[in-house]
Asker: 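The following block contains the structure, expressed as structure tokens.
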Protein chains: 2
Amino acid sequence: MPQSLETIRHSLSHVLAAAVLKTFPEAKLGIGPAIENGFYYDFDLPKPLTPEELKTLEKKMQKIIEDSFKIEQFSKSKKNAIELLKKDTQSYKIELIEELPDPEVSFYKFDGFSDLCKGPHIKNTSELKKVGWKLDKIAGAYWRGNEKNKMLQRIYGLAFETPEDLRQYEQMRAEAEKNDHRKLGKDLDLFVFSDLIGPGLPLFTPKGTLVKELLQTKVENICKRFGFDKVMTPHLAKIKLYEISGHAEKFSDELFRITSRHKQDYVMRPVLCPHQTQIYASKPRSYKELPIRYMESEKMYRAEKPGEIGGLNRVIAITVEDGHSFCRVDQVKQEIKNMVEIIKSFYTDLGMWDNHWISLSVRDYSNLEKYIGESKDWDTCEKILQEVSDEMNLNAKKREGEAALYGPKLDFMFKDAIGREVQIPTVQLDFATPKRFKLSYINEGGKSDIPVMVHRAILGSYERFIALLLERFGGAFPVWLSPVQAIVLPVSDKHIEYAKKVADELKEVRIEIDDRNESIGRKIRDAEIQKIPYIIVVGDKEEKDDNITVRERGSKELEIQKIGKFLESVQKNIQ
Amino acid sequence: MPQSLETIRHSLSHVLAAAVLKTFPEAKLGIGPAIENGFYYDFDLPKPLTPEELKTLEKKMQKIIEDSFKIEQFSKSKKNAIELLKKDTQSYKIELIEELPDPEVSFYKFDGFSDLCKGPHIKNTSELKKVGWKLDKIAGAYWRGNEKNKMLQRIYGLAFETPEDLRQYEQMRAEAEKNDHRKLGKDLDLFVFSDLIGPGLPLFTPKGTLVKELLQTKVENICKRFGFDKVMTPHLAKIKLYEISGHAEKFSDELFRITSRHKQDYVMRPVLCPHQTQIYASKPRSYKELPIRYMESEKMYRAEKPGEIGGLNRVIAITVEDGHSFCRVDQVKQEIKNMVEIIKSFYTDLGMWDNHWISLSVRDYSNLEKYIGESKDWDTCEKILQEVSDEMNLNAKKREGEAALYGPKLDFMFKDAIGREVQIPTVQLDFATPKRFKLSYINEGGKSDIPVMVHRAILGSYERFIALLLERFGGAFPVWLSPVQAIVLPVSDKHIEYAKKVADELKEVRIEIDDRNESIGRKIRDAEIQKIPYIIVVGDKEEKDDNITVRERGSKELEIQKIGKFLESVQKNIQ
């Protein structure tokens with residue numbers, strides 16, 4: 001953020017601390033930095049704050065600003081500073097000072113309030129008059145982020161250069177909250193959690209499972225056209241498997257270990273690739289058989305930090321769509337082209353292809369020794385990736401140092417609902433894994449040779465991808481992906497029979513009837529919350545004329561249609 | 001087995017021991033009982049036996065039989081018996097005698113050989129002349145089955161009343177071995193194991209995965225017609241879930257426990273039902289919504305004893321097709337009828353319905369207190385099951401004491417490849433689980449009510465079911481289930497192009513080309529081993545006439561056909 005805005009935010013945190021001390025003279029102060037979008041300050045207070053008290057604090061801050069206090073810096077020796085703070089019983093600040101290396105420490109003061117601080121700050125509180133700011137919320141925060149310490153009360157504030165900037169930010173945030181996948185997942189009834197099962201373990205309802213399966217079928221159908229075969233491998237293995245692959249070390253903090261009363265001690269797999277190597281390795285392979293391509297949509301497991309688990313973005317049982325091609329060096333280029341075609345086809349169908357860029361992630365050439373494998377293989381493959389980019393007009397941007405340890409890759413970057421960049425699909429070359437697992441094939445000359453392994457992710461994990469899609473579309477999935485494509489709303493109970501007839505004639509569409517004893521207005525609102533593409537209303541008139549009144553999602557217009565005609569247009573839309 | 005045959009087998013084990021002592025005077029004897037199909041005897045020998053030595057032992061046994069020794073019983077006091085055995089350094093026998101409660105112990109002797117034994121035995125070794133017997137194999141066996149003890153050498157023998165009986169048994173056994181699903185799974189390349197992954201954890205190859213998915217699609221399509229929705233639930237949960245369901249206690253020995261560096265300690269689920277209750281419980285339900293029916297094909301886990309793990313019949317990660325209906329009492333009858341229809345439809349398609357019987361498994365009426373739930377609910381539901389049997393002409397046989405603890409059930413019994421009865425599909429009523437999980441719905445009167453849970457298994461676990469099908473069909477799956485439906489065999493390399501053209505025209509069939517540089521005879525034999533339904537040979541003549549020579553599985557006849565005509569007949573066969 002610009003230096004001046006950071007200074008404004010930082011000074012506001014001091015103004016907040018001053019206002020808090022006016023209200024609670026016994027308050028102990030933690031730290032109060034500027035952050036993205038505003039600032040916060042941590043306090044040890046005699047009681048939990050209420051939202052009303054935030055309002056009162058805001059008024060006191062306003063008064064300080066209007067009183068136009070000069071903000072002045074002064075220094076003290078560490079010893080004197082500690083004495084000063086001891087008088088005020090500011091034990092947290094003392095702890096901080098004791099760790100400072102310098103003999104002198106800096107303070108800022110105004111209106112009788114002084115605070116340990118390196119600065120910089122604005123010159124006068126009156127400079128905050130033109131700023132757009134407000135106190136935002138209260139949250140608990142352990143002193144110094146350590147759960148063994150006392151939990152303090154953190155007051156968050158928002159601050160932007162102008163009130164208009166603040167208004168725009170709040171509007172954008174409200175929009176993002178409305179589109180939060182956790183809220184939309186509930187509105188659309190896609191997934192649920194259970195305290196008895198545990199955090200990070202979503203249960204997919206029938207509708208959520210349908211969305212997952214529609215995505216899976218789409219990926220698999222595209223991949224089958226390019227020679228991928230489905231396999232099914234177990235979710236656990238001896239730790240030995242990952243010692244060979246290197247994942248035991250890489251994921252040592254995230255491993256789930258399994259024990260039983262027998263001496264069969266396993267781990268839950270943190271990745272899928274090693275399992276697929278074992279199918280390849282199960283019999284001798286000839287150059288004629290290659291490429292051998294496996295894919296599966298199964299689970300892997302990571303013991304994420306409990307505090308980081310949430311929604312579908314961070315789960316501990318991760319359903320990944322993963323696939324690998326085992327091929328000869330002379331086949332690598334075509335394999336990569338195929339995988340780019342697969343990715344392009346999938347994201348085009350989702351209307352997301354136009355808005356992406358591709359990274360050609362190569363070695364850090366100043367630090368070549370950290371990569372696994374022969375330099376000449378790397379040269380060949382980086383060259384191949386560049387050729388693929390040129391020949392397919394991918395316009396991939398070369399990024400040094402972004403390669404995986406075992407090979408270069410193409411990473412595809414998309415934008416999420418609020419404009420952040422997310423990387424999902426990837427095509428990665430891997431020379432190391434086949435060597436580690438001693439994979440081989442008999443080449444045309446009758447000699448043993450090592451295959452190249454090409455990793456590819458299309459949609460990554462279903463959990464994260466569904467979260468991303470939910471937020472991107474605000475829950476309004478394309479019709480083909482909508483778990484409920486149309487809903488029939490009988491105006492009253494006496495139209496339920498006709499509603500059933502309509503639903504029956506439209507059974508090729510995923511259709512529901514809302515037969516609850518509710519007003520038609522309520523039924524329409526509930527269908528809108530579920531983002532159902534077509535709302536069909538049937539009452540006396542529709543029943544008499546044997547037709548339906550249709551409202552398409554996002555439109556306020558009602559259209560009277562014959563059922564057959566409607567079906568035709570929906571089917572066209574789905575294709 | 002008849003008493004006389006058991007006696008014959010037992011006496012043969014003594015004859016074997018006598019023959020072993022003639023060969024290895026220092027041999028220490030373990031035990032030597034009669035068993036199903038024959039006998040065995042455990043020996044502590046100075047060297048591992050070779051198959052040739054078995055032949056020599058057989059000859060020495062033959063000699064003992066032909067020499068017509070009288071077999072005589074005698075008794076000794078424990079003390080004298082121990083002294084006698086000490087002289088012979090028979091330490092294992094001494095260990096056995098020391099544990100006997102009686103003051104006197106019994107021996108049998110012939111030809112200078114005497115053995116601790118309660119009998120009975122035949123009177124004279126000559127009685128064995130008419131018997132069909134042979135030594136079968138050698139295996140290791142821990143003394144008294146305890147792995148902390150020394151490993152002895154166990155010699156197995158086969159024995160039947162007549163040589164003809166022995167011949168028939170060996171023929172049957174050879175047949176069973178040929179049809180062992182482990183062998184067939186390898187021949188058809190359906191599944192593999194990896195030492196790095198671990199025992200009991202099969203990896204399904206592309207062909208095996210295809211078979212699994214074809215079965216899954218078939219079950220799911222039938223179930224969807226009856227209102228089942230797919231769900232997807234995680235494979236682990238807090239132990240709390242199973243403490244409530246009762247499975248934590250029931251499967252305490254088979255539970256896999258999961259730990260990580262965080263305080264998230266889970267177990268791998270030993271069953272699926274509790275997860276599905278949590279989707280039901282995720283929101284309020286109305287009587288109008290019921291029945292709610294969930295199904296999924298996912299994994300559950302049991303820590304089986306390492307010694308019992310093998311093939312697909314006993315795995316530790318079990319892929320189950322499981323489903324439940326949550327319904328009102330007045331819906332139970334129709335739900336059960338639907339489930340019977342599903343089972344009938346599935347097994348009819350597999351050609352297995354004609355050969356089954358159904359058990360109506362009810363309470364043990366002399367021990368009613370051991371069952372969970374209200375007696376009147378049980379009465380109602382046992383009555384409903386009987387009515388279903390009557391109305392659908394199921395002819396179910398009432399079996400008392402075979403109910404589950406939580407409700408009565410219908411069990412469907414089929415025959416496996418060697419005529420053993422196996423129970424796979426089941427429909428079970430359950431009053432207990434909904435109560436344990438406090439499941440509820442608002443009934444027509446606006447009051448809270450408890451749903452009934454109906455469990456149903458159609459094919460059970462995919463692993464066991466595929467093993468059963470492999471053995472039942474000897475690998476020759478019906479055409480719709482064959483992973484490879486046809487294979488094209490070019491007579492020589494110059495016919496490969498034409499073979500590709502043929503395969504391309506038949507791409508609606510799952511077809512492969514055998515383009516190895518092998519003789520046509522070898523190619524045909526290999527295709528036969530894989531039990532491929534249609535073998536297509538193409539050579540000069542076929543290429544010239546633009547047709548194919550087809551050999552159908554199980555037939556020796558070759559038929560020259562036009563490609564289009566062949567495709568038609570295959571497609572008809574698949575339907």
Side-chain angles (χ1 to χ4, degrees), chain A residues 189 192-194 196-206 208-210 212-213 229-238 240-241 244 253-264 266 268 274-275 278-279 281-283 286 288 294 296 299 301 303-306 316-317 319 437 515-516, chain B residues 189 192-194 196-206 208-210 212-213 229-238 240-241 244 253-264 266 268 274-275 278-279 281-283 286 288 294 296 299 301 303-306 316-317 319 437 515-516:
Chain A
D189 191 17
V192 298
F193 289 90
S194 156
L196 294 177
I197 289 169
L201 293 170
L203 300 137
F204 283 80
T205 63
T209 307
L210 185 58
K212 182 249 171 188
E213 298 232 319
D229 287 319
K230 270 186 97 166
V231 294
M232 182 170 77
T233 62
H235 300 198
L236 59 169
K238 291 181 188 170
K240 182 84 186 151
L241 187 75
I244 294 175
D253 282 351
E254 286 83 28
L255 277 185
F256 281 115
R257 286 163 193 280
I258 306 170
T259 54
S260 74
R261 69 188 178 121
H262 307 300
K263 275 185 220 135
Q264 313 152 297
Y266 299 94
M268 306 197 72
H275 273 86
Q278 295 306 292
I279 300 182
S282 67
K283 58 179 191 176
S286 140
K288 282 192 182 179
Y294 299 139
E296 63 186 311
K299 287 188 169 65
Y301 301 83
E304 303 287 355
K305 288 187 188 139
I316 61 171
T319 316
F437 284 110
D515 61 0
R516 293 174 306 161
Chain B
D189 191 17
V192 298
F193 290 89
S194 157
L196 294 177
I197 289 168
L201 294 170
L203 300 138
F204 283 79
T205 63
T209 306
L210 185 60
K212 181 250 172 185
E213 297 232 318
D229 288 320
K230 269 186 98 165
V231 293
M232 181 170 78
T233 62
H235 300 196
L236 59 170
K238 291 181 187 168
K240 182 84 186 150
L241 186 76
I244 294 175
D253 282 350
E254 285 84 28
L255 277 186
F256 281 114
R257 288 164 193 277
I258 305 171
T259 53
S260 75
R261 69 190 178 121
H262 307 299
K263 274 183 220 135
Q264 314 152 299
Y266 297 94
M268 306 199 71
H275 273 86
Q278 295 306 292
I279 300 183
S282 67
K283 57 180 193 176
S286 139
K288 281 191 182 180
Y294 298 139
E296 64 186 312
K299 286 188 169 64
Y301 301 84
E304 303 288 354
K305 288 187 188 140
I316 61 172
T319 316
F437 284 108
D515 61 359
R516 293 174 305 163

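Proteins get letters first, then strands, A, B, ... in listed order; numbering begins at 1 in each.
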Asker: Should the heavy atoms of other residues, nucleotides or ligands under 6.0 Å from NZ of B:K288 be counted, would the total exceed 12?
Answerer: yes

Asker: Using 0.5 Å steps for rounding, measure from the CG atom of A:D229 to the OG1 atom of B:T209.
Answerer: 8.5 Å

Asker: What is the distance from atom OH of B:Y301 to atom CD1 of A:I258, rounded to the nearest 0.5 Å?
Answerer: 8.0 Å

Asker: Provide the closest heavy-atom pair for A:T319 versus B:M232 in the form atom of the first, atom of the second, distance.
Answerer: OG1-CE, 3.9 Å

Asker: What's the spacing between A:M268 CE and B:F256 CZ if we round to 0.5 Å?
Answerer: 10.0 Å

Asker: Looking at every heavy atom in both B:Y266 and A:G198, which two are closest together, and how far apart are they?
Answerer: CE2-CA, 4.3 Å

Asker: Can you tell me how far apart NZ (A:K305) and CZ (B:R261) are? Round to the nearest 0.5 Å.
Answerer: 6.0 Å

Asker: Which pair of non-hydrogen atoms, one from B:A317 and one from A:L236, has the smallest distance, and what is that distance?
Answerer: CB-CD2, 4.3 Å

Asker: Under 4.5 Å from any heavy atom of chain A, what part of B:L210 do you find: side chain, backbone, both or neither?
Answerer: neither

Asker: For B:Q278 and A:S194, work out which heavy atoms get closest and say how close.
Answerer: OE1-OG, 2.9 Å

Asker: Roughly how far apart are A:K238 NZ and B:L196 CG, rounded to 0.5 Å?
Answerer: 7.5 Å

Asker: Working to the nearest 0.5 Å, report the span between CG of B:L201 and NE2 of A:H275.
Answerer: 7.0 Å

Asker: Go through the atoms of B:E296 and report whether side chain, backbone, both or neither lie under 4.5 Å from a heavy atom of chain A.
Answerer: neither

